[in-house]
Amino acid sequence: MYTHLQSKAREEPPVTLSTLRQMKADGEKIACITAYDASFATVVDNAGVDLVLVGDSLGMVVQGHETTIPVSMDDMIYHCQATLRGLYRPFLLADLPFMSYATPNQAAANSARLMQEGKASMVKLEGGAPQLKVVEHLARCDIPICAHIGLTPQSVHKLGGFSVQGRSAAAAKEMVQAARDLESAGADIVLLECIPTALAQEISAAVAVPTIGIGAGPHVDGQILVLYDVLDITPGRKPRFAHNFLHGRDSVGAAIGAYVDAVKSGAYPAAEHCFT
Ligand code: KIV
């Protein structure tokens with residue numbers, strides 16, 4: 001059953017949801033990054049990354065679209081399969097793309113595809129309170145779920161751009177409640193994107209599940225960045241939280257290793273990467 005894992009003959013066991021929960025309990029930061037193919041998956045695995053997200057950001061950084069909206073289920077499965085071939089230790093999380101989880105039944109069918117065909121260990125979906133019924137249904141089906149709140153890129157046209165979320169008192173209160181409700185509905189991880197540091201800290205304290213931040217400050221259980229931002233090869237304007245870890249280093253592996261070390265030590269994110 002585990003032959004492909006054993007054949008890689010590595011000392012450390014693969015990361016599971018229990019590992020991530022234990023890391024939160026131990027106060028060890030979870031180092032996460034995106035990847036979309038086997039070669040980069042091998043490099044990020046060797047660099048000590050704990051969790052790899054096959055993100056629908058592939059629509060922007062791999063396919064060259066302006067947003068993540070054009071990404072299809074078939075794209076996600078293709079990139080999950082490619083990424084998995086290069087991975088041994090990291091936990092594999094995959095995005096449900098735009099409009100692939102509009103109803104509980106559609107969400108379950110597409111999550112099953114990501115897990116059965118793409119071999120993902122967990123699916124990620126965007127949105128707060130409106131997704132509670134979907135999350136409840138997936139949890140009842142024993143599908144592990146990461147709930148992504150704050151800046152949700154699939155809603156870019158509704159939000160009016162890629163901007164910081166939760167700055168008003170009312171929006172912040174709503175987001176804390178959404179995180180609590182998502183956890184009660186069955187979410188196993190809450191991912192926080194582009195929100196003020198103090199709000200992310202409050203949400204992290206309000207839920208028992210691990211929180212992963214991107215542009216959410218240091219007071220969360222783990223950090224995630226888009227691989228191409230770590231290597232400074234994303235075209236166009238850089239988000240505030242992006243950091244070029246390749247600068248001053250002579251290989252991609254060393255850059256990703258430096259990112260992992262910076263997350264683990266708390267050196268990343270620094271104040272210049274955070275929002276108030
Ligand atoms: O698609 C993606 O890469 C993401 C991260 C930015 C968290 O959702």
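Below, each value reflects all heavy atoms present in this structure, side chains not excepted, and no hydrogens, waters or symmetry copies. Counting convention: from 1, in listed order, for ligands and their atoms alike.
- For ligand 1, the atoms closer than 4.0 angstrom to any heavy atom of Gly55 are 1 (O), 2 (C), 3 (O).
- With no hydrogens or angles considered, no side-chain donor-acceptor pair links Gln154 and Asp95 at under 3.5 Å.
- Note on ring orientation: taking the six-membered ring where Trp is involved, the planes of His243 and His273 are perpendicular (angle over 60°, cut-offs 30° and 60°).
- For residues 17-54, every residue pair satisfying the ring pair (Phe, Tyr, Trp, His ring centres under 6.0 Å) rule, not counting sequence neighbours, is listed here: Tyr36-Tyr228.
- Considering backbone and side-chain atoms alike, Asp56 places an N or O below 3.5 Å from some N or O of ligand 1.
- Residue contact check: His148 has heavy atoms under 4.0 Å from atoms 8 (O) of ligand 1.
- Side-chain contact between Leu114 and Met76 is present, with heavy atoms from C-beta onward closer than 4.5 Å.
- Heavy atoms of Asp95 found under 4.0 angstrom from ligand 1 belong exclusively to the side chain.
- Only the side chain of Leu53 comes within contact range of ligand 1, with a heavy atom under 4.0 Å; no backbone atom does.
- The closest protein non-hydrogen atom to atom 6 (C) of ligand 1 is Ile214 CD1, 3.7 Å.
- By the criterion of a heavy-atom distance under 4.0 Å, the side chain of Thr34, and not its backbone, is placed next to ligand 1.
- Using 4.0 Å as the threshold, Lys124 has a heavy atom nearer than that to some atom of ligand 1.
- With rounding to the nearest 0.5 Å, the separation of CZ in Phe91 from OG1 in Thr19 is 8.5 Å.
- Remark: the Asp45 side chain and the Thr42 side chain contain no N/O donor-acceptor pair separated by less than 3.5 Å.
- Between the side chain of Lys133 and the backbone N or O of Pro130, no donor-acceptor pair lies under 3.5 Å.
- The option with the heavy atom closest to atom 2 (C) of ligand 1, from among Cys32, Ser57, Pro153, is Ser57.
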